[in-house]
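Nothing fancy with the numbering, it's 1 onward along the sequence. Atoms within a ligand are numbered from 1 in the order they appear, just like the ligands themselves. Keep in mind that what you see is a predicted model, and the values were worked out from it rather than measured.
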Amino acid sequence: MTATPATSSPADDVGMAHLGQIIAVASGKGGVGKSTVSTNLTLALAAQGAAVGLVDADLYGPSVPGMLGIVSGKAPTMSPAGKIIPAEAHGIKVMSMGMLTDDDKPAILRGPMVSKYLRMFILEVAWGKLDYLILDLPPGTGDTQLTLAQAFPLTGAIVVSTPQDVSLKIARRGIRMMEQVKVPILGIVENMSGFTCPSCNEVTHIFHQGGGAKIAASLGVPLLGAIPLDPAIVDCGDEGRPLVIAHPNAPASAVYRSIAAILSGRVQATVGVPTPFDWHWADDTSKPKPAAPTARAGSAADVPVTLDRRDGRTLVLRWQDGHDQQIDVRDLRLACRCAACVDEMSGRAVLDPATVPLNIEPTRIWSLGNYAIGVSFSDGHRSGIYTFGQLRGMVTVEVEDV
Ligand code: ADP
């Protein structure tokens with residue numbers, strides 16, 4: 001066949017419901033493992049029972065077919081309706097420039113052609129009914145990213161970074177670009193964030209740790225997960241059997257499954273308190289509004305529908321399942337698990353409770369995506385991140401008249 005890209009149509013959003021949630025995986029620079037993350041994440045979503053498609057939008061250097069063991073260079077077949085039948089591997093559907101024959105590939109891709117091919121890869125493919133379509137973007141913040149962000153109703157973007165400062169700075173630029181074109185950032189994935197010992201599976205942090213979490217916190221986006229360096233990932237990529245399939249018990253595979261679980265929770269309708277918020281504790285300005293009553297369908301135990309304060313000392317939460325909770329703010333400070341308060345290697349507490357003033361109070365509480373809050377305190381501590389799950393697990397203090 002000769003693949004002819006669709007010409008652009010203004011009906012961009014029309015007829016795309018069958019694609020499900022469209023999630024872009026981006027990175028500021030190449031080699032950080034973006035395609036590896038896209039591929040394993042797509043498979044982890046499929047393992048949850050979702051119907052998932054993967055578009056290798058890296059038109060210049062498609063690597064996804066190789067990672068999935070898809071034989072390239074054979075012309076794809078067309079459906080009776082004239083759509084390209086996507087390749088299938090390990091239960092997911094895939095479209096990539098690497099699947100076109102040399103005759104179908106343009107020798108040089110200029111800007112408008114990039115846009116046309118991407119539209120073809122998304123709109124002219126017989127995907128069937130999908131729950132998710134994952135787009136593995138080429139690295140950088142250029143034309144392709146802008147084209148996709150503007151032409152397709154993206155649910156959001158995931159930004160992949162390695163832990164080094166320079167890579168994180170570049171990731172920060174990528175996040176800013178997505179925000180400028182109004183694509184929500186679903187979160188950061190930190191890749192190669194520690195080393196997995198091939199014999200005992202123990203993860204050792206060889207680069208400085210926690211950079212992804214700090215950047216995520218400073219930008220107010222979630223850290224979706226930190227994937228360790230694992231030599232098996234390279235072999236799996238070369239052999240066409242991604243890690244989550246070939247080594248489901250590897251620590252990195254568990255992280256992929258956890259990211260998939262977060263995503264499938266996140267991209268459903270937001271039911272908790274509306275975000276973002278930045279609540280100033282002392283004068284109560286910008287306190288998050290309670291969730292709309294209609295948003296309370298279902299009964300997730302880890303989604304707060306109200307955040308309030310009873311007095312200067314008590315944070316009050318009402319959870320989606322109706323549970324009320326009061327947390328003493330000094331307990332909140334003591335429960336901080338940031339790198340300054342807990343040794344990340346051993347898990348031992350570094351914070352000496354005796355140094356935390358009895359009259360400590362929060363100064364600000366702000367939303368981190370839809371999964372956590374950040375809290376700064378009157379003792380100057382400001383790197384505390386509390387996931388909703390962690391808050392829900394905290395002890396409720398007995399307070400009357402809440
Ligand atoms: P990108 O898409 O960002 O250019 P790739 O996904 O192609 O990056 O990955 C680059 C190389 O790094 C590949 O050889 C891949 O197997 C390897 N790699 C990716 N993630 C990891 C990891 N967590 N541990 C070890 N190797 C990895």
Legend entry - Stepwise side chain to side chain donor-acceptor pair (under 3.5 Å) check, Thr285 with Asp283: CA-CA 6 Å; Thr285 49; Asp283 59 10; 2.9 Å; yes
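- Residue Thr36 has at least one N or O atom closer than 3.5 Å to an N or O atom of ligand 1.
- In terms of polar-atom proximity, defined here as any N/O pair under 3.5 Å, Pro231 makes no such contact with ligand 1.
- Looking only at protein heavy atoms, the nearest one to atom 22 (C) of ligand 1 is Ile233 CD1, 3.4 Å.
- Here Arg337 contributes atom CZ and Gln390 contributes atom CD; the two are 3.5 Å apart, rounded to the nearest 0.5 Å.
- Proximity of Ala232 to ligand 1 is not established, as no heavy-atom distance is less than 4.0 Å.
- Side-chain contact, Ser378 with Thr363: no donor N or O sits under 3.5 Å from an acceptor N or O.
- The nearest heavy-atom contact from the protein to atom 7 (O) of ligand 1 is Met67 CE, 3.6 Å.
- In this structure, the side chain of Arg310 does not engage the main chain of Val316 through any donor-acceptor pair within 3.5 Å.
- Glu190 and Thr162 are not linked by any side-chain donor-acceptor pair at a separation below 3.5 angstrom, with hydrogens and angles left out of the test.
- Protein heavy atom at the shortest distance from atom 8 (O) of ligand 1 is Gly33 N, 3.0 Å.
- Of the charged side-chain nitrogens involved, none lies within less than 4.0 Å of a carboxylate oxygen, so that Arg348 and Asp343 do not count as a salt-bridged pair.
- Interface atoms of ligand 1 facing Lys34, defined by a heavy-atom separation under 4.0 Å, are 1 (P), 2 (O), 3 (O), 6 (O), 8 (O).
- Distances shorter than 4.0 angstrom occur between a heavy atom of Gly31 and an atom of ligand 1.
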Inset, instruction - For the pair Asp352 and Thr355, evaluate side chain to side chain donor-acceptor pair (under 3.5 Å) and give the outcome as yes or no after the intermediate values. - result: CA-CA 6 Å; Asp352 176 3; Thr355 62; 5.4 Å; no
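- Trp319 and Asp324 are not linked by any side-chain donor-acceptor pair at a separation below 3.5 angstrom, with hydrogens and angles left out of the test.
- At the shortest separation from atom 2 (O) of ligand 1 among protein heavy atoms lies Ser35 N, 2.8 Å.
- Distance remark: protein heavy atom not present below 4.0 angstrom from atom 13 (C) of ligand 1.
- The protein heavy atom nearest to atom 25 (C) of ligand 1 is Asp230 O, 3.2 Å.
- Asp136 and Ser35 share a side-chain donor-acceptor pair at under 3.5 Å.
- Contacts with ligand 1 closer than 4.0 Å are made by backbone heavy atoms (N, CA, C, O) of Pro228 only, the side chain lying farther away.
- If you check which protein heavy atom lies closest to atom 20 (N) of ligand 1, you get Asn191 ND2, 2.9 Å.
- At under 3.5 Å, not a single nitrogen or oxygen of Ile227, backbone or side chain, sits near a nitrogen or oxygen of ligand 1.
- By the 30° and 60° cut-offs, the orientation of the rings of Phe121 relative to Tyr117 is perpendicular.
- Atom 17 (C) of ligand 1 has as its closest protein heavy atom Val234 CG2, 4.1 Å.
- An N or O contact shorter than 3.5 Å is missing between Ser63 and ligand 1 by distance.
- A cation-pi arrangement is not found for Arg364 relative to Trp281, the charged atom failing to lie both closer than 6.0 Å to the ring centre and inside a 45° cone about the ring normal.
- Contacts with ligand 1 closer than 4.0 Å are made by no heavy atom of Asp136, backbone or side chain.
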